[in-house]
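Notes follow the structure.
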Amino acid sequence: MSFAAADLLGRLRAAEVAESIGVVGDASASAPLEEWRRSGVRFAASSAAMERQYWRAVRELFSCIKPAASERPILHEGGIYLGCWIESTGSINAELLSRFLPSIAEATFACFAEQQRDDGLFPYKLTASGPAFAQIQLVTPFARSVWTHYATNGRNTDFLRRMYAAMVRNDAWLAAWRDTRGTGGVEAFCTYDTGHDLSPRFWHVPDSPFGNDPKRYDPDNPILPFVAPDLTANVACQRVYLARIAEELGENGEGWRDRAEQSIEALFAHCFDRDDGMFYDLDRNGRHVRVQSDVLLRVLACEIGDAALFEQALHRYLLNTRKFFAKFPFTSIALDDPRFTPAYDYNSWAGPSNMLSLIRAPHAFEHHGRYVELTWAMQATLSALFKAERFAQTLDPFTGRVGFTEAYSPAILCLIDFVERLSGILPRPDGTLWFTGLTPQQIEHRDVSHHTAYARTIDGVRFELVNTAEASSAFRDGALLFEAPRGVRIVTDRAGNLRSLIGMSVNTIEGSLRIGGVELPFRVAANEQLEFSGGELASVRQPGLVAPTYSD
């Protein structure tokens with residue numbers, strides 16, 4: 001290990017978490033602070049500014065934890081958003097939070113079940129004045145977030161059983177009230193049903209349901225209801241996870257899988273344009289609402305489609321600089337749509353890159369093993385967040401300047417999550433750990449080589465990872481665990497035993513993994529996965545790499 005790396009590791013070990021975080025506001029933060037300390041999560045960097053911004057994010061995260069609809073503290077959206085929304089705070093935000101503050105995440109999930117309406121509808125938000133039911137507002141599959149928390153944090157079956165019963169009732173409500181056209185899809189009655197405020201997708205559609213009743217849409221509206229691809233994909237994915245949860249609880253999951261398949265069939269039959277390779281709403285007149293939006297990324301994050309469909313989406317849209325791959329991706333509307341506007345100083349899904357899109361994106365990419373392509377978006381986002389004067393909802397897709405609101409928990413969690421995915425130690429619901437050997441890049445002005453160090457405690461074992469411009473070194477309870485060249489992800493079980501190696505660089509990485517007193521030579525291409533078996537690393541998956549594109 002180099003002198004610089006050894007010095008960084010020493011600083012990581014010597015740091016006091018409470019001192020790094022700083023003043024967190026009031027006494028209610030003491031329990032989350034202690035839970036963070038138990039997680040063992042620490043971060044140090046060769047850049048003092050980068051390190052300060054990381055701990056500032058943690059400090060502001062604690063300000064987003066407070067009661068809503070009950071006396072128990074839960075995660076709040078933050079900024080001007082006073083409460084907890086199921087489309088974001090209660091699902092993807094809590095899913096990320098569960099790696100750091102699992103008790104707060106579990107309370108957040110549970111609160112939606114506790115405040116469920118008698119007819120089965122989940123509240124779309126929880127506030128200090130109680131639950132609200134004026135719309136459905138679904139994006140991230142709630143059941144997937146619940147399962148991820150459960151599988152990563154001790155497998156509490158009592159919690160899972162309670163959540164399963166509540167999610168079954170909510171699925172029944174959606175089936176009863178949000179398929180008025182009998183398509184098998186899930187319908188949007190208003191803009192707020194998908195949280196796509198100001199999006200051209202919903203021009204000439206009211207913000208709220210008719211009479212603020214989630215069971216009704218305006219009968220005089222010329223285009224409602226929409227068969228909505230993101231809502232339909234959401235329910236399909238939830239049903240896949242409800243099958244998994246049912247089987248975990250000793251029940252039969254086949255019925256859920258059948259229903260999931262029916263939802264997927266409806267999605268492709270009514271909302272997918274095969275010529276465009278894009279998902280669109282279907283209006284009441286049988287016409288597609290041809291607005292190319294981040295609906296595509298939402299559907300793909302619901303595990304919809306095979307590897308070929310995802311690769312096509314990367315080529316044509318997600319990595320296309322005329323579509324969604326702005327300098328600071330991913331835009332909420334395609335860049336070449338005449339309705340696109342980059343205005344980022346208000347709550348807009350009409351163009352700017354939204355932090356919610358960014359924290360939802362990893363699931364889409366990682367589901368198909370497109371790890372390297374994801375790093376391009378993560379690097380740009382971290383570059384913007386590390387220099388941001390506040391944690392906002394939106395980014396200017398051209399400059400990375402932060403826009404609307406502040407202390408916004410999706411932006412805070414985005415920085416914390418992306419640091420761990422790129423340069424840290426990430427526990428996975430399949431029982432593995434990811435040690436990723438990359439560092440944040442200096443993408444603007446002069447090139448600077450950064451070094452990072454990261455720590456996390458798993459099942460009482462302290463792990464540490466130091467990344468430099470040349471190599472990665474990991475430690476288990478203070479002893480060297482492995483050394484590897486920069487640009488690979490080492491996958492272990494929760495005890496640190498080697499399982500596989502993944503290429504995380506555009507370039508083919510060739511070298512040796514030194515672990516357990518032996519050297520394992522390897523050669524790994526971008527996104528390639530090498531499994532460890534019989535004392536050797538052997539290739540089991542090589543999807544290749546999709547480069548950015550610039551036109552249709």
Side-chain angles (χ1 to χ4, degrees), residues 87 124 134-139 173-237 259 261-300 302 304-305 309 312-313 316-317 323-324 331-341 348-351 552:
E87 66 144 331
Y124 80 89
Q135 64 251 11
I136 57 174
Q137 205 151 334
L138 301 178
V139 183
W173 189 96
L174 290 169
W177 295 103
R178 287 304 184 104
D179 185 19
T180 64
R181 297 162 63 179
T183 63
V186 181
E187 293 166 355
F189 289 177
C190 64
T191 303
Y192 290 161
D193 275 341
T194 69
H196 255 153
D197 300 45
L198 299 182
S199 171
R201 172 189 183 189
F202 286 108
W203 282 358
H204 311 297
V205 168
D207 283 345
S208 296
F210 194 59
N212 300 306
D213 182 349
K215 295 180 180 179
R216 303 171 68 195
Y217 63 89
D218 183 355
D220 289 328
N221 187 279
I223 53 179
L224 286 179
F226 289 171
V227 182
D230 44 353
L231 298 180
T232 304
N234 178 292
V235 167
C237 187
R259 275 173 271 184
E261 189 57 38
Q262 291 166 10
S263 294
I264 292 170
E265 290 174 0
L267 172 68
F268 280 93
H270 299 288
C271 300
F272 187 60
D273 185 297
R274 297 191 182 279
D275 293 332
D276 287 358
M278 176 59 72
F279 294 92
Y280 300 110
D281 297 292
L282 186 74
D283 74 8
R284 71 184 293 172
N285 307 301
R287 297 172 180 163
H288 280 146
V289 182
R290 293 189 176 278
V291 176
Q292 293 180 350
S293 72
D294 79 314
V295 160
L296 174 65
L297 190 53
R298 292 180 173 195
V299 170
L300 295 171
C302 290
I304 299 298
L309 177 68
Q312 178 191 61
R316 297 186 66 176
Y317 296 105
K323 297 295 184 180
F324 300 98
T331 58
S332 44
I333 294 293
L335 288 151
D336 61 356
D337 190 307
R339 293 159 290 199
F340 170 87
T341 172
S348 170
W349 291 81
D552 291 335

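Sequence positions, counted from 1, serve as the residue numbers for this chain.
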Rounded at 0.5 Å granularity, tell me how far [atom1] in [X] sits from [atom2] in [Y].
X	Y	atom1	atom2	answer
Ser208	Asp218	OG	CG	12.0 Å
Thr331	Tyr317	OG1	OH	12.5 Å
Ile333	Ser199	CD1	OG	4.0 Å
Ser332	Phe340	OG	CZ	7.0 Å
Leu138	Cys237	CG	SG	12.0 Å
Phe226	Asn221	CZ	CG	7.5 Å

Write down the atom of [X], the atom of [Y], and the distance for their closest heavy-atom approach.
X	Y	value
Pro222	Asn285	O-ND2, 3.1 Å
Ala266	Gly185	CB-N, 3.7 Å
Pro206	Leu224	CD-CD1, 3.9 Å
Ala188	Ala228	CB-CB, 4.0 Å
His196	Thr191	O-CG2, 3.3 Å
Val291	Pro200	CG2-O, 4.0 Å

Legend entry - Cationic tip of Arg216 above Phe189 ring, under 6.0 Å, 45° of axis: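 No, Arg216 does not sit over the ring of Phe189.
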
Legend entry - salt bridge (charged side-chain N to carboxylate O under 4.0 Å, His left out) involving Asp179 - partner list, sequence neighbours excluded: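 Partners of Asp179 under the salt bridge (charged side-chain N to carboxylate O under 4.0 Å, His left out) test: none.
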
Legend entry - Asp273: salt bridge (charged side-chain N to carboxylate O under 4.0 Å, His left out) partners, not counting sequence neighbours: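 Asp273: salt bridge (charged side-chain N to carboxylate O under 4.0 Å, His left out) contacts with Arg290.
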
Are [X] and [Y] close enough that some pair of their side-chain heavy atoms sits under 4.5 Å apart?
X	Y	answer
Arg178	Val235	no
Asp197	Ser348	no
Asn234	Val186	no
Tyr124	Pro214	no
Leu231	Ile136	yes
Leu282	Thr183	no
Thr194	Gln137	no

Inset, instruction - Report the residue from Glu187, Arg284, Lys215 that forms a side-chain hydrogen bond (donor to acceptor under 3.5 Å, both in side chains) with Thr180. - result: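 The single option meeting the side-chain hydrogen bond (donor to acceptor under 3.5 Å, both in side chains) with Thr180 is Glu187.
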
Legend entry - Step-by-step side chain to side chain contact (heavy atoms under 4.5 Å, CB included) determination, Trp349 to Leu198: CA-CA 6 Å; Trp349 291 81; Leu198 299 182; over 6 Å; no

Legend entry - Listed partners of His270 passing ring-ring contact (aromatic ring centres under 6.0 Å, His included), at least two apart: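 Once residues adjacent in sequence are excluded, His270 has no partner under the ring-ring contact (aromatic ring centres under 6.0 Å, His included) criterion.
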
Legend entry - Salt bridge present between Arg339 and Asp337 (N-O < 4.0 angstrom):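 Looking at Arg339 and Asp337, the cut-off is met.
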
Inset, instruction - Determine whether the aromatic ring centres of Phe272 and Phe279 lie less than 6.0 Å apart. - result: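 Ring centroids of Phe272 and Phe279 are less than 6.0 Å from each other.
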
Inset, instruction - Verify side chain to side chain contact (heavy atoms under 4.5 Å, CB included) between Phe268 and Leu309, making sure each step is shown before the conclusion. - result: CA-CA 12 Å; Phe268 280 93; Leu309 177 68; 4.0 Å; yes

Inset, instruction - Show your reasoning for whether side chain to side chain contact (heavy atoms under 4.5 Å, CB included) applies to Asp230 and Arg201. - result: CA-CA 12 Å; Asp230 44 353; Arg201 172 189 183 189; 2.7 Å; yes

Legend entry - Option from Asp336, Asp276, Asp294 for which salt bridge (Lys or Arg N to Asp or Glu O under 4.0 Å) with Lys323 holds: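 Answer to the salt bridge (Lys or Arg N to Asp or Glu O under 4.0 Å) test with Lys323 among Asp336, Asp276, Asp294: Asp336.
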
